[in-house]
Number of protein chains: 2
Amino acid sequence: MSSISTEAVNRMTRLIGDCDKARCQVDKLQKLTGKLSEEEIEKESQIFKALADPCRLKILMLLREGELCVCEIMISLDRPQSSMSHHLSILKDAGLIKERKDGRWSRYRLSEGSVIEILNQVRLIKEANLTKANFDRGNNK
Amino acid sequence: MSSISTEAVNRMTRLIGDCDKARCQVDKLQKLTGKLSEEEIEKESQIFKALADPCRLKILMLLREGELCVCEIMISLDRPQSSMSHHLSILKDAGLIKERKDGRWSRYRLSEGSVIEILNQVRLIKEANLTKANFDRGNNK
DNA sequence: CATTCATATCAAGCTATTTCGATATATAAG
DNA sequence: CTTATATATCGAAATAGCTTGATATGAATG
């Protein structure tokens, strides 16, 4: 079926000694990687990219309290309009926020569903890192 | 207490008409923004940055199945060693994976806790985007 | 229909990130 | 102590992403 790279098997054999086990492990790992659809990974990475900017995180925090127009966001964060517009379009493309046109205003709100969840999860990871860091400091590491 | 920018109130007044309501809204929004600690936001953004790369997402997917050394990861993903080492250090700095030194090997595993959760959440968002996209296509938008 | 106001898009400069070969470090084995 | 192997770090080139003023679009208003 899938062509197991001889080179990979050789490297793995050198790593773990047993040639049969190596072939088996390479096979397993390559099956795993094969399951990762390039396209799916790309989409997930695009969502994380949208979340990976301090300014955009602040926008999401503001929108947790309810719908806002671009004006209100730029007043709150004290940033130029073109910049806010740009960030909002990135968040929208990632499916994290929704837009509602209302006359000459564009009102934005969080998408239903997992957006608040993912913001909560990252806070948990951040807090775990902090307590870990304090623990390490206490042990003079 | 907090100095409400006159300029912001003026803009908001033009937006919503009533000057008192404008002052109140600007006050509310700026209190909200004030609560956002620059430092905390920066840390959360660093975690999302670590997640925002296709190659690093693939590494995390592999590690879901268990501990792996750098070798095994570079064989699986067929990428140069220096590149894998670099990505692993970014994931480690973000607290998403843990390292265990074992002779000349460095073995990496997912951190306990929310890492798998956050990967699940992003998949939910991605899938919501897809069904939304199909719906839109169905409506010739 | 000219103007105003809210928002979007463009373009150019700047910064951060990725990539990967080359080199360094560190552990084990002979 | 030399060699081999696993991993980390460095450095330079390429790429991607952010910022922001200028300009364009498009809806309301007079």
Side-chain angles (χ1 to χ4, degrees), chain A residues 7-8 10-17 22 25 41-42 45-59 67-94 97-109, chain B residues 7-8 10-17 22 25 41-42 45-59 67-94 97-109:
Chain A
E7 202 197 336
N10 290 340
R11 297 205 55 177
M12 191 65 80
T13 306
R14 268 178 278 135
L15 269 174
I16 62 180
Q25 171 76 342
I41 292 272
E42 204 63 52
S45 142
Q46 189 218 348
I47 295 171
F48 281 128
K49 278 196 176 93
L51 291 160
D53 179 273
C55 184
R56 291 197 287 270
L57 283 180
K58 285 183 197 167
I59 294 176
E67 201 182 51
L68 292 173
C69 70
V70 183
C71 267
E72 294 172 307
I73 295 170
M74 54 185 281
I75 289 175
S76 305
L77 300 179
D78 193 27
R79 298 291 207 93
Q81 181 267 322
S82 62
S83 183
M84 292 306 94
S85 219
H86 173 235
H87 286 305
L88 286 164
S89 82
I90 288 173
L91 289 169
K92 198 178 70 167
D93 288 347
I97 62 176
K98 294 282 163 56
E99 183 184 11
R100 182 170 69 88
K101 297 272 188 189
D102 174 18
R104 50 186 140 174
W105 287 277
S106 288
R107 305 194 186 274
Y108 288 92
R109 65 183 189 283
Chain B
E7 201 198 336
N10 290 342
R11 296 206 56 176
M12 190 66 78
T13 307
R14 266 178 279 135
L15 268 175
I16 63 180
Q25 172 76 343
I41 293 272
E42 204 62 51
S45 141
Q46 188 218 348
I47 295 171
F48 281 128
K49 279 198 175 90
L51 290 160
D53 179 274
C55 184
R56 289 197 287 270
L57 282 180
K58 285 183 198 167
I59 292 176
E67 202 183 51
L68 291 174
C69 68
V70 183
C71 265
E72 293 172 308
I73 296 171
M74 54 185 281
I75 289 175
S76 303
L77 300 178
D78 194 26
R79 299 290 208 91
Q81 179 268 321
S82 62
S83 183
M84 292 306 94
S85 219
H86 174 235
H87 286 306
L88 286 165
S89 83
I90 288 174
L91 289 169
K92 198 177 69 167
D93 289 346
I97 62 175
K98 294 281 162 60
E99 184 184 11
R100 183 171 68 87
K101 297 273 188 190
D102 175 17
R104 50 186 140 172
W105 288 276
S106 289
R107 304 195 185 273
Y108 288 92
R109 66 182 187 281

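Each chain gets a letter, A, B and so on, in the order its sequence line appears, and its residues count up from 1.
Shown here is A:D78, whose CG atom has no more than 12 heavy atoms of other residues, nucleotides or ligands within 6.0 Å.
Here A:E67 pairs with A:R100 under the side-chain hydrogen bond (donor to acceptor under 3.5 Å, both in side chains) rule; sequence neighbours left out. With sequence neighbours left out, A:R14 forms a side-chain hydrogen bond (donor to acceptor under 3.5 Å, both in side chains) with no residue at all.
Regarding B:R56, its CZ atom lies at a distance of 8 Å from the P atom of C:dT19, rounded to whole Å. If you measure from atom CE of A:M74 to atom P of D:dT19, you get 15 Å, rounded to the nearest angstrom. Regarding A:D78, its CG atom lies at a distance of 10 Å from the P atom of D:dT20, rounded to whole Å. In this structure, B:R79 places its CZ atom 12 Å from P of C:dG21, rounding to the nearest Å. In this structure, A:K92 atom NZ and C:dT9 atom C1' are separated by 13 Å, rounded to whole Å. Protein atom CG of A:D93 is 16 Å distant from nucleotide atom C1' of D:dC18, rounded to whole Å. To the nearest angstrom, P of C:dT18 lies 10 Å from CG of B:L91. Whole-Å rounding puts the B:R100 CZ to D:dA6 P distance at 16 Å.
Using a 4.0 Å cutoff on non-hydrogen atoms, the parts of residues 45-55 of chain A near DNA chain D are A:K49, A:D53, ordered by number. Of all the residues in residues 101-109 of chain A, A:R104, A:W105, A:S106, A:Y108 reach under 4.0 Å from DNA chain C with at least one non-hydrogen atom. Taking a 4.0 Å limit (strictly below) on heavy-atom distances, residues 80-88 of chain A reaches DNA chain C at A:Q81, A:S82, A:S85.
A distance of 14.5 Å separates CD1 in A:I97 from CZ in A:R107, rounded to the nearest 0.5 Å. Atoms CD1 and CD, from B:I73 and B:Q81 in turn, are 11.0 Å apart once rounded to the nearest 0.5 Å. A distance of 10.5 Å separates CD of A:Q46 from CG of A:L51, quoted to the nearest 0.5 Å.
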Side-chain donor-acceptor pairs of residues 83-94 of chain B under 3.5 Å, sequence neighbours excluded:
{"residue": "B:H87", "atom": "ND1", "partner": "B:R56", "partner atom": "NH1", "Å": "3.0"}
{"residue": "B:S89", "atom": "OG", "partner": "B:H86", "partner atom": "O", "Å": "2.9"}
{"residue": "B:K92", "atom": "NZ", "partner": "B:E99", "partner atom": "OE1", "Å": "2.7"}

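Here the side chains of A:L57 and B:F48 are in contact, with some heavy-atom distance below 4.5 Å.
Among the atoms of the strands shown, none is found under 4.0 Å from any heavy atom of B:E72. The residue B:I90 sits close only to the backbone: its heavy atoms come under 4.0 Å of sugar-phosphate atoms, none of a base.
B:C55 and B:L77 get closest at one heavy-atom pair: O-CD1, 4.4 Å. B:A8 approaches A:I75 most closely through the heavy-atom pair CB-CG2, 3.7 Å.
OP1 or OP2 of C:dC5 has not a single side-chain nitrogen or oxygen of B:R14 nearer than 4.0 Å.
The backbone N or O of A:C69 sits less than 3.5 Å from a side-chain atom of A:E72, completing a donor-acceptor pair.
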